[in-house]
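Just so it is clear: chains get the letters A, B, ... in the order the sequence lines come, proteins before strands, and each one is counted from 1.
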2 protein chains.
Amino acid sequence: MRPTLQAVAEAVGVSRSTVSNAYSRPDQLSAALRERILDAARQLGYPGPNPTARSLRRGFVGSIGVLFTSQLSYAFTDPFAVRFLAGVGGAAERHGTSMLLVPLPPAQTDARRAVENAAVDGFCVYCAADEEWALDVIRERGLPFVTTAAREDAGPDDRFVGIDERAAAHRIAAHVAGLGHRRVALLADAVLPDASTGPVTLAGADEVWHPTTRDRLAGFADAFAEVGVDWGKLTLVSAAGNSRVAGVAAVAGLFDMPAPPTAVLAGSDVLALGVLDALAQRPGNTNPPVSVTGFDDIPEAATAGLTTVRQPAEEKGRIAAELLLDPPTDPAAGHVLLPTALIVRSSTGPVPRS
Amino acid sequence: MRPTLQAVAEAVGVSRSTVSNAYSRPDQLSAALRERILDAARQLGYPGPNPTARSLRRGFVGSIGVLFTSQLSYAFTDPFAVRFLAGVGGAAERHGTSMLLVPLPPAQTDARRAVENAAVDGFCVYCAADEEWALDVIRERGLPFVTTAAREDAGPDDRFVGIDERAAAHRIAAHVAGLGHRRVALLADAVLPDASTGPVTLAGADEVWHPTTRDRLAGFADAFAEVGVDWGKLTLVSAAGNSRVAGVAAVAGLFDMPAPPTAVLAGSDVLALGVLDALAQRPGNTNPPVSVTGFDDIPEAATAGLTTVRQPAEEKGRIAAELLLDPPTDPAAGHVLLPTALIVRSSTGPVPRS
DNA sequence: TTGAAAGCGTTACCAT
DNA sequence: ATGGTAACGCTTTCAA
């Protein structure tokens with residue numbers, strides 16, 4: 001048995017309160033007594049107050065949870081998510097708070113349990129595809145939370161940090177449309193809940209599963225509608241995951257079709273890089289160049305010359321954590337819209353004359 | 001006030017034990033009663049057993065801690081650390097365990113407190129420079145832990161996963177020595193506790209602060225000693241952090257010295273990439289090529305054509321977590337040495353004739 | 001400055 | 001199958 005605070009109290013011959021004070025409120029006792037207590041504790045091998053017991057009594061834990069839709073291991077694979085985490089981590093660090101990464105098991109029930117059981121004082125919910133249930137659990141627990149995707153049912157007290165996905169998507173799509181592209185493919189992850197790969201047919205962008213993906217695709221579609229290319233004329237391609245290889249796999253065969261797309265708008269940089277990989281791997285590689293765009297502006301995008309939308313990743317994480325840790329008094333300040341920028345690089349160009 | 005288990009018990013007219021069982025041991029009551037209880041809970045807005053109270057009572061938390069020496073935000077900047085985390089996350093996920101990332105505040109006392117207060121069932125200690133105190137705290141708490149750096153004072157029950165740093169470093173240095181290089185610089189982070197940048201003088205590799213850095217530098221030195229270049233003839237360069245920019249800064253001016261080094265052996269890939277950046281930025285850039293080596297084989301190393309030592313990053317994390325979560329019965333199995341490989345790419349070549 | 005008492009919300013054992 | 005009771009280890013009034 002590890003010694004408890006009680007044991008230390010007995011050893012020194014004082015009450016438990018006094019030992020507790022020696023640790024948590026040093027001003028409540030004489031320095032001499034405090035030293036005596038701390039010495040005794042050292043001698044007994046008492047490691048200080050048990051964190052769990054302390055949390056129970058105090059009513060807070062000192063750590064915030066980060067919730068990902070996808071597998072935790074996936075999160076570390078996505079450069080954007082990693083930089084978001086770095087931002088959260090920095091803020092947590094400054095606050096003396098730990099971050100709990102909560103993996104969500106595949107089964108709905110287990111996932112619920114995971115959120116119910118997380119010992120945290122609040123949650124950063126990183127754009128979950130199907131997050132309603134998670135938010136319900138969090139609300140039921142009475143914990144504060146911050147989301148990174150705008151929500152229709154957001155209450156006045158709900159905190160949010162993110163970008164105007166649809167407007168940003170519109171902007172980059174308008175750039176591509178302005179270059180003359182009309183035969184265009186839209187590539188995204190989480191179009192349907194079933195992670196299918198390759199071209200899929202949907203009646204409209206509003207049927208897309210993942211809210212962020214939905215907004216981005218809607219923004220793309222907006223811009224093309226303005227030049228007379230409506231949803232039905234766009235090729236929608238689903239990727240089975242947000243990764244480079246998923247991007248490669250998704251566009252397999254796409255450019256061998258009759259009248260292949262002259263441009264691919266991807267919902268993320270990693271997918272777009274996958275498209276560039278796929279194009280580079282094409283035998284002969286003598287085809288007319290295809291324009292490709294991404295989203296996020298991860299570091300690799302610059303190297304690859306990818307035209308993309310930049311959003312501040314670390315800042316997003318930092319603000320999410322700060323919104324959680326220092327709730328603004330003014331509820332309006334709890335809704336932060338970050339700026340985005342269209343970054344034009346070499347991956348987009350005018351439609352080649354065929 | 002959020003309803004407690006007690007409130008649910010009263011509402012249904014059963015004892016607290018029964019409500020508790022409804023959640024934690026469904027086989028202990030009839031399905032009908034269980035449904036009634038769960039319904040009442042839903043109605044009252046009871047979010048399920050309080051995780052903290054449950055942990056206190058049960059004696060375990062259901063999450064493992066990951067301890068980084070450096071700032072938490074740094075950890076996400078280092079690609080190797082990120083892949084390590086991915087490995088830990090994958091294993092944790094499979095286990096239904098959360099990971100707590102514990103930031104260590106700069107002040108020693110606060111850092112101690114952070115480790116003492118972390119609500120976890122064990123720790124993965126990711127190569128901390130000055131980890132003794134942390135391990136002491138962990139031991140005092142009676143928590144299991146896994147380290148990723150070999151330790152001299154390791155007890156028979158101490159768990160470890162890592163590589164033979166010194167041998168791996170020896171191997172890559174021997175490659176460079178074999179190419180004829182004799183005027184060589186060794187570049188590393190955490191050479192001294194004070195994060196100085198630029199050339200420093202040390203009596204020997206054993207004076208290096210960070211244990212891993214120490215082993216690697218010792219391995220480099222071993223190989224050069226074999227070809228008659230002893231420690232005093234090597235240029236030791238300290239970087240103020242493990243990052244690309246720290247690498248650039250550290251070697252500033254290095255190649256403008258009389259008789260500049262023809263090769264730089266870095267203690268990590270990011271530092272080596274920084275050296276390549278620095279070399280690429282040199283005005284004129286007409287100097288004879290400098291050979292550069294890294295360590296870890298992060299993805300960017302391949303793109304940059306960096307000669308380096310490969311070690312399995314994710315696997316390291318995965319095994320660390322598994323060693324913690326499923327302690328092997330045979331204590332010898334608690335000490336895992338991972339394989340490394342010398343990856344020769346274009347960044348190393350023969351000494352140019354001057 | 002110190003101590004006594006009353007929980008914090010739950011679970012586990014042992015009866016029934 | 002269900003309930004009573006006793007912890008789990010600590011903090012925090014409040015009174016001395």
- Rounded distance (Å) that lies between atom P of C/dT10 and atom CG of A/Asn117: 12 Å
- Relative orientation of the end axes in the helix from C/dT1-D/dA16 to C/dT16-D/dA1, expressed as an angle to the nearest 10° (five pairs per end): 30°
- Query: What is the distance from CG of B/Leu56 to P of C/dG7, rounded to the nearest Å?
  - Reply: 17 Å
- Message: Is the phosphate of D/dT2 approached by B/Ser30 (side-chain N or O, under 4.0 Å from OP1 or OP2)?
- Response: yes
- Item | Any B/Pro3 side-chain heavy atom under 4.5 Å of B/Glu10 side chain | no
- Task: Mind calculating the distance between CZ (B/Arg58) and P (C/dC8) to the nearest angstrom?
- Result: 21 Å
- Message: Looking at A/Asn117 and B/Pro51, would you say the former's side chain and the latter's main chain have a donor-acceptor pair under 3.5 Å?
- Response: no
- Item | Under-4.0 Å side-chain N/O to phosphate OP1/OP2 contact, B/Ser17 with D/dT2 | no
- So OG1 of A/Thr147 and CG of A/Leu135: to nearest 0.5 Å the spacing works out to 7.0 Å
- Hey, which sits more toward the 5' end of DNA chain C by its nearest nucleotide, B/Leu5 or A/Ser15? A/Ser15
- Taking the inter-plane angle between the rings of A/Tyr23 and A/Tyr46 on a 0 to 90° scale, is it parallel (under 30°), tilted (30 to 60°) or perpendicular (over 60°)? perpendicular
- Any B/Thr18 side-chain nitrogen or oxygen under 4.0 Å from OP1 or OP2 of D/dT2: no
- Taking atom types as they are modelled, is there a donor-acceptor pair under 3.5 Å from the base of C/dT10 to the side chain of B/Arg57? no
- Tell me whether the OP1 or OP2 atom of D/dT11 has a side-chain N or O from A/Arg54 closer than 4.0 Å. yes
- Sugar-phosphate, base or nothing in reach of A/Tyr46, heavy atoms under 4.0 Å: sugar-phosphate
- Given DNA chain D, 5'-ward residue of the pair B/Ala53 and B/Leu33, judged by closest heavy atom: B/Leu33
- At under 4.0 Å, does any side-chain N or O of B/Ser20 touch on OP1 or OP2 of C/dT10? no
- Task: Grab the two heavy atoms, one from B/Phe68 and one from B/Leu72, that are nearest each other, plus how far apart they are.
- Result: CD1-CD1, 4.1 Å
- Message: Does either side chain, that of B/Thr77 or that of A/Arg83, offer a donor lying less than 3.5 Å from an acceptor on the other one?
- Response: no
- Would you check, one step at a time, whether the test side-chain contact (heavy atoms from CB on, under 4.5 Å) holds for A/Thr52 with A/Val61? CA-CA 8 Å; A/Thr52 307; A/Val61 180; over 6 Å; no
- Looking only at side-chain atoms of B/Val14, point me to the closest of C/dT11, D/dG3, D/dT11. D/dG3
